[in-house]
Every structure is written in structure tokens, then in C-alpha cells.
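Structure, as C-alpha cells:
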Amino acid sequence: MKRLLPILFCIAFLMSSCAMPATPSPSPTATPTPALPGGWALVWNDEFDGPAGSAPDAAKWGYDIGGEGWGNQEWEYYSDRPENAALDGAGNLTITARAVEDPAGLECWYGACKFTSARLLTQDMFTFTYGRVEARLKIPFGQGIWPAFWMLGADIPAAGWPECGEVDIMENIGREPALVHGTVHGPGFYGADGLSFPYALADGAAFADDFHLYAVEWEEAEIRWYVDGSLYGTVRKSQFPETYRWVFDHPFFIILNVAVGGGWPGYPDATTTFPQSMLVDYVRVYQRQ
């Protein structure tokens, strides 16, 4: 997520697959049971059950606050208001980007803020090393809209970025409605040089039209990306170039956000409508038994 004008690409020697297979979309109404075959055990989850308008669980999620641009010249001000992040009463967390009707008193890096949104994270509440992390999401759409489900190394306060490492489980930019990206960033491969894998739906279908299951399986020497159970990208420590450093061997925390604008997605235009919301059915973390 933290990058400037990324040029996403597939590197064959770092991946087992970069195919874009056709896969059926999960139903947006049924929540799968929290279990996986193959020796995975659920260690952390949030199902976002609760009354409509209530805040997400404060024991599990904190907020980034502000309009500093977040390293990408984004236009939104991230808040902790229920207007930007709240449960919908139907088992979903709703993260909503809104146009600011009265920008007075709300300052962003470029002046009076034009938009608000939310960025939730488990930093200082839940971190983990290795496992499968997944979320069932219905993403928003529109030029300049940038939803993301990702992770940062928990040592970021001391190490900084990109030395802490970053794993982008799902990113989408509004001008690419049928494409999502999974990416890693670290020392020597960050920003425009992040190692990235695209995944497209069949027949040009838009990801925003339905819920989809986005996941990463992170092991000691390998990271794998999935959409709706289909593997589409792999990076391996053993195949890293000597100029790169593997920094995916320590605790990470989870982030969910909807950005507005930035160097990669570009900015809203006359075709963009607000509000725009990302629905999060659940987030679950599994580890090997």
C-alpha cells in the first residue's frame, strides 16, 4: 500500500503461478465456517457481528488518524468516526470514503480536506509470525478509489519502512475494476520495484460486484497469494536476488483501509461517486497445528 507510482509486474523466477483463472464468486450472504483443511488452526478472527452503527471491537482494532498523505499523496483524512468505520448490523464492517461537505477545520497535506475515510489496524493488539490470513471483502469502485487489505512488520516504529517489510494481500485501483494485486515490499524491492502479482476475473467481471475471499499463506521461506481459493502468486526466500533482503521472518500486523487518490490510482474525477464503501465480512488468521 505504501508506494509511489508502482509499476506492477510478475517475476517468473519468484512465482509458481501468475495465471488469471476463472473462478466462481462466493455468495455474499453466507459466511463460511472458520475452519480449513490441511492442518490449519484458527488463532484470531473478527466476524464483525454487532448492532448497526456500532464501532469495531476496540480490543482488536485501532485507527490511523490524519491527512498527511500516507507516503502516497492521498487525499483522504483518516478518522475514527462511525461515519467512516462501523458495523452494518448484517455481519459486516463497513469502511466508507466520503466527500467532505464542509471542509473547514479539517486539514490535509494539500489544504482543506476533500474526503474522509478510515484505516483500521491490529498494531499493538494482535501480531503474528507465519500463518494464513484471509478476509472476505466486497470492495468499492470508481476512479481514484483504492481499497486495501495488507500487513506491515510490527518493528516499523524502530526499523521504519521498507525495512519492516510489507505484504499486500489485496489492492485494487478504481480504473482496474477487474484486477487485484498481491505485492511484497522490503529493502531493495519497494515502491515502484515491489514484487507484485495480478489476478483478473473472467470475462472482465468487476470485483466490486460481489464478495471475494482474499488470502495469503505466509511460511518461513515462502508467501502465496489466493483469490477465492485459486493460487496466483508465490515468492520464495531461496529465489530472492542477492540485492534483496527477506524481511518476512518476524511479527506483522493487519491493516484494512480505503484510500482516496494517490500516485498509483490517480485522483477522483467527474465519474467518481461518493460515498464508497468496502464491506468486510470477516478477517481470520490461522496457523499450522
Side-chain angles (χ1 to χ4, degrees), residues 1 25-36 40-65 76 78-98 116-128 131-141 145-152 167-172 180 182 207-218 226-229 252-260 274-287:
M1 181 68 184
S25 300
S27 164
T29 58
T31 299
T33 57
L36 280 176
W40 294 104
L42 186 69
V43 296
W44 186 93
N45 67 303
D46 197 336
E47 307 299 313
F48 303 111
D49 295 324
S54 59
D57 189 342
K60 295 181 176 181
W61 300 98
Y63 298 83
D64 277 331
I65 304 292
E76 82 289 328
Y78 284 131
S79 88
D80 59 358
R81 306 180 312 156
E83 292 90 342
N84 297 118
L87 306 187
D88 68 357
N92 302 303
L93 167 67
T94 303
I95 299 176
T96 303
R98 298 181 180 276
T116 61
S117 189
R119 177 158 137 167
L120 282 71
L121 62 167
T122 68
Q123 186 178 23
D124 301 326
M125 299 178 188
F126 172 73
T127 64
F128 67 105
R132 175 185 168 93
V133 56
E134 64 182 28
R136 189 166 177 266
L137 310 172
K138 188 174 187 292
I139 65 172
F141 65 92
I145 304 300
W146 185 5
F149 167 42
W150 52 302
M151 303 190 298
L152 282 173
V167 179
D168 299 322
I169 304 165
M170 184 287 302
E171 292 182 282
N172 168 265
V180 295
F207 278 95
D209 289 344
D210 206 344
F211 280 82
H212 295 275
L213 182 63
Y214 304 94
V216 151
E217 291 180 356
W218 167 33
Y226 299 83
V227 172
D228 297 335
F252 275 61
F253 59 87
I254 300 167
I255 306 172
L256 292 163
N257 69 286
V258 177
V260 179
F274 289 91
Q276 287 291 331
S277 296
M278 178 165 71
L279 301 182
V280 187
D281 182 6
Y282 60 79
V283 180
R284 296 172 183 161
V285 178
Y286 304 80
Q287 290 185 317

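Residues that satisfy the side-chain hydrogen bond (donor to acceptor under 3.5 Å, both in side chains) test with Y63, not counting sequence neighbours, are absent from this structure. T94 meets the side-chain hydrogen bond (donor to acceptor under 3.5 Å, both in side chains) test with no other residue; sequence neighbours excluded. Residues passing the side-chain contact (heavy atoms from CB on, under 4.5 Å) test with P275 are T96, R98, sequence neighbours excluded. In this structure, the ring pair (Phe, Tyr, Trp, His ring centres under 6.0 Å) partners of F128, at least two apart in sequence or on a different chain, are F126, W218. Residues that satisfy the side-chain hydrogen bond (donor to acceptor under 3.5 Å, both in side chains) test with D88, not counting sequence neighbours, are N92. With sequence neighbours excluded, no residue forms a side-chain contact (heavy atoms from CB on, under 4.5 Å) with A52. Under the side-chain hydrogen bond (donor to acceptor under 3.5 Å, both in side chains) criterion, N84 pairs with S79, R81, T116, sequence neighbours left out. Residues satisfying the ring pair (Phe, Tyr, Trp, His ring centres under 6.0 Å) test with F149, not counting sequence neighbours, are none.
In this structure, a donor-acceptor pair under 3.5 Å is present between the side chains of W146 and E171. Between the side chains of E134 and Y214, no donor-acceptor pair is found at a separation under 3.5 Å.
No donor-acceptor pair closer than 3.5 Å links the side chain of T127 to the backbone N or O of F253.
Applying the salt bridge (charged side-chain N to carboxylate O under 4.0 Å, His left out) test to pairs two or more places apart or on separate chains, those with a residue in residues 55-64 are D64-R119.
Counting heavy atoms from C-beta on, the side chains of M278 and L137 come closer than 4.5 Å.
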